[in-house]
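In what follows, chains are A, B, ... by sequence order, proteins preceding strands, each numbered from 1. Computed over heavy atoms, backbone and side chain alike; hydrogens, waters and symmetry mates excluded. Model, not experiment: these values are computed from the prediction.
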Amino acid sequence: MAEPMKIRATVKGDVADIRVLIAHPMETGQRRDAKGELVPQHFIQSIVVTYNGKTVYTGQWSQAVSRNPVFAVRVRGAKAGDKVSVTWVDNKGDRRTDEKTVDAA
Amino acid sequence: MRPDFKSSRHPRPRSLLRIRALRAVAQRARAATTVACAVACGAALAQDGKVDPLAVGRQLLAEDNPGELWVQRGEKLFHAKRGPRQLSLEQCDFGLGPGKLTGAFARLPRYFPDTGKVQDLESRLLTCMVELQGYARADIVKGAFSTLDHDSDMEALASFVASRSNGMSMNVQLDHEKEREMYKAGEYLFHRRSGPTDFACVTCHGDEGKRIRLQELPNMTDRKQIQAVVSGWPAYRGTQSTVRTMQHRLYDCNWQMRLPDLDFASDMSIALTTYLNYSGNGAVIQAPGVRR
């Protein structure tokens, strides 16, 4: 099971700033390990952010994204107490969903 | 001992995307920094009054410090029943009593009567993993520095324990005779030129404005600068995509001076840490820090 994400969600005015830090190796398939063997690709393929149950972001990611990636989205019409949910699925079928309640700034 | 030199010392900079993005932000920000930064980030102002564009990137990294993931993992490892004896580290004494973590790191290195030695954070963790949990010392030492192929429990645990002193001031005491001895040894080692390049720590870290390539080197004889160093280790290192501990920092410095490998948790490493942390007393701890 993958490690939990770190999600920060704060609202300022009516805009929520959602920042997500994901623990993932994001292997490109080009790196060789200490024994000289290729490390197979292992990267997040799709990612979905929902806001109060409504999808606000979907992404198709590739191996070009860094290890332990950080990404941010902003949502308009937000208020403190709203619910954010982030789900990623990687190319090995591993998945993880984490939730966060939006804090006042 | 450097079994997988290539992968351990110079892992590919997998965080290029992050770095590139930050660079773009820094460039864009440079135009705006003069106005915005003068107000917003006092830290970005160098001593001569010029704006340091790198500080913008540093601040962005600090806001989303990937080191937080190590703290999270370290906390889980700390409370998990592990090792041959299936015990957690909750009974580990970092100097304030078993399981007392708040503020413990701020007093390290210190003398521990049970081992009869001065120990830093990592060597104390090593003692607990061996004595409490029953791990073989050699195994822990071998895996203490992570590579891209294997994670290090030590790096995660050190991040977690150090982070429990966040916001507190570094406050190393030299009450015990052995602590004073270690400090003296560290001070000597810091200034002692040796090895094929005839370098000492102070060769690079004793003057203002020195650099390795574009990396500015802190002058560790200056109180403010040494405080900036000790406040942020263990640190997430962008070039290595992992958290490194002070033990690794010193190991790497040793390697850069072409000295024989510095053994993990060796007296030499603890002597240097004692000298550095004591010199940085008063520094407000914010661990894990973020470093290049």
Side-chain angles (χ1 to χ4, degrees), chain A residues 1-10 12 16-45 47 49 59-74 84 86 88 90 94 96 98-100 103 105, chain B residues 1-23 25 57 59-77 80 142-143 145-151 153 155-156 159-160 163 236-243 288 290:
Chain A
M1 189 65 195
E3 297 275 329
M5 294 173 237
K6 278 266 189 192
I7 304 174
R8 290 195 299 140
T10 47
K12 212 176 190 181
D17 189 18
I18 301 160
R19 309 182 76 117
V20 187
L21 174 61
I22 304 171
H24 200 282
M26 298 298 283
E27 287 291 350
T28 62
Q30 312 234 33
R31 186 174 71 82
R32 286 174 193 279
D33 64 15
K35 289 183 199 129
E37 280 164 37
L38 278 179
V39 179
Q41 284 190 331
H42 187 198
F43 60 92
I44 293 172
Q45 267 185 322
I47 180 152
V49 181
Q60 301 293 315
W61 284 10
S62 75
Q63 65 274 42
V65 175
S66 80
R67 173 179 288 251
N68 300 327
V70 171
F71 87 105
V73 286
R74 285 188 179 147
V84 181
V86 184
W88 56 255
D90 70 20
D94 274 354
R96 166 118 210 150
D98 286 293
E99 289 178 355
K100 179 87 175 73
D103 301 319
Chain B
M1 182 194 74
R2 196 194 312 281
D4 40 6
F5 167 81
K6 270 186 192 142
S7 60
S8 69
R9 267 214 87 253
H10 297 295
R12 292 229 161 264
R14 290 293 317 285
S15 45
L16 260 188
L17 193 86
R18 183 197 297 276
I19 291 166
R20 255 181 229 145
L22 287 177
R23 204 173 286 157
V25 170
Q59 195 178 6
L60 284 172
L61 251 180
E63 280 174 10
D64 288 300
N65 181 358
E68 291 298 322
L69 296 171
W70 274 254
V71 173
Q72 203 168 264
R73 197 174 137 247
E75 180 165 18
K76 226 159 63 185
L77 289 172
K142 201 176 152 205
F145 299 154
S146 68
T147 69
L148 287 176
D149 298 330
H150 80 87
D151 287 336
D153 295 345
E155 285 168 357
S159 305
F160 167 62
S163 75
Y236 179 83
R237 292 202 58 187
T239 48
Q240 310 196 6
S241 299
T242 187
V243 165
V290 178

Electrostatic pair B:D64-A:R8, nearest N-O below 4.0 angstrom: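 The answer is yes: the pair qualifies as a salt bridge.
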Reported CG-to-CZ distance for the pair B:L69 and A:R67, which is rounded to 0.5 angstrom: 11.5 Å
Which atoms of B:Q72 approach chain A - backbone, side chain, both or neither, heavy atom under 4.5 Å: side chain
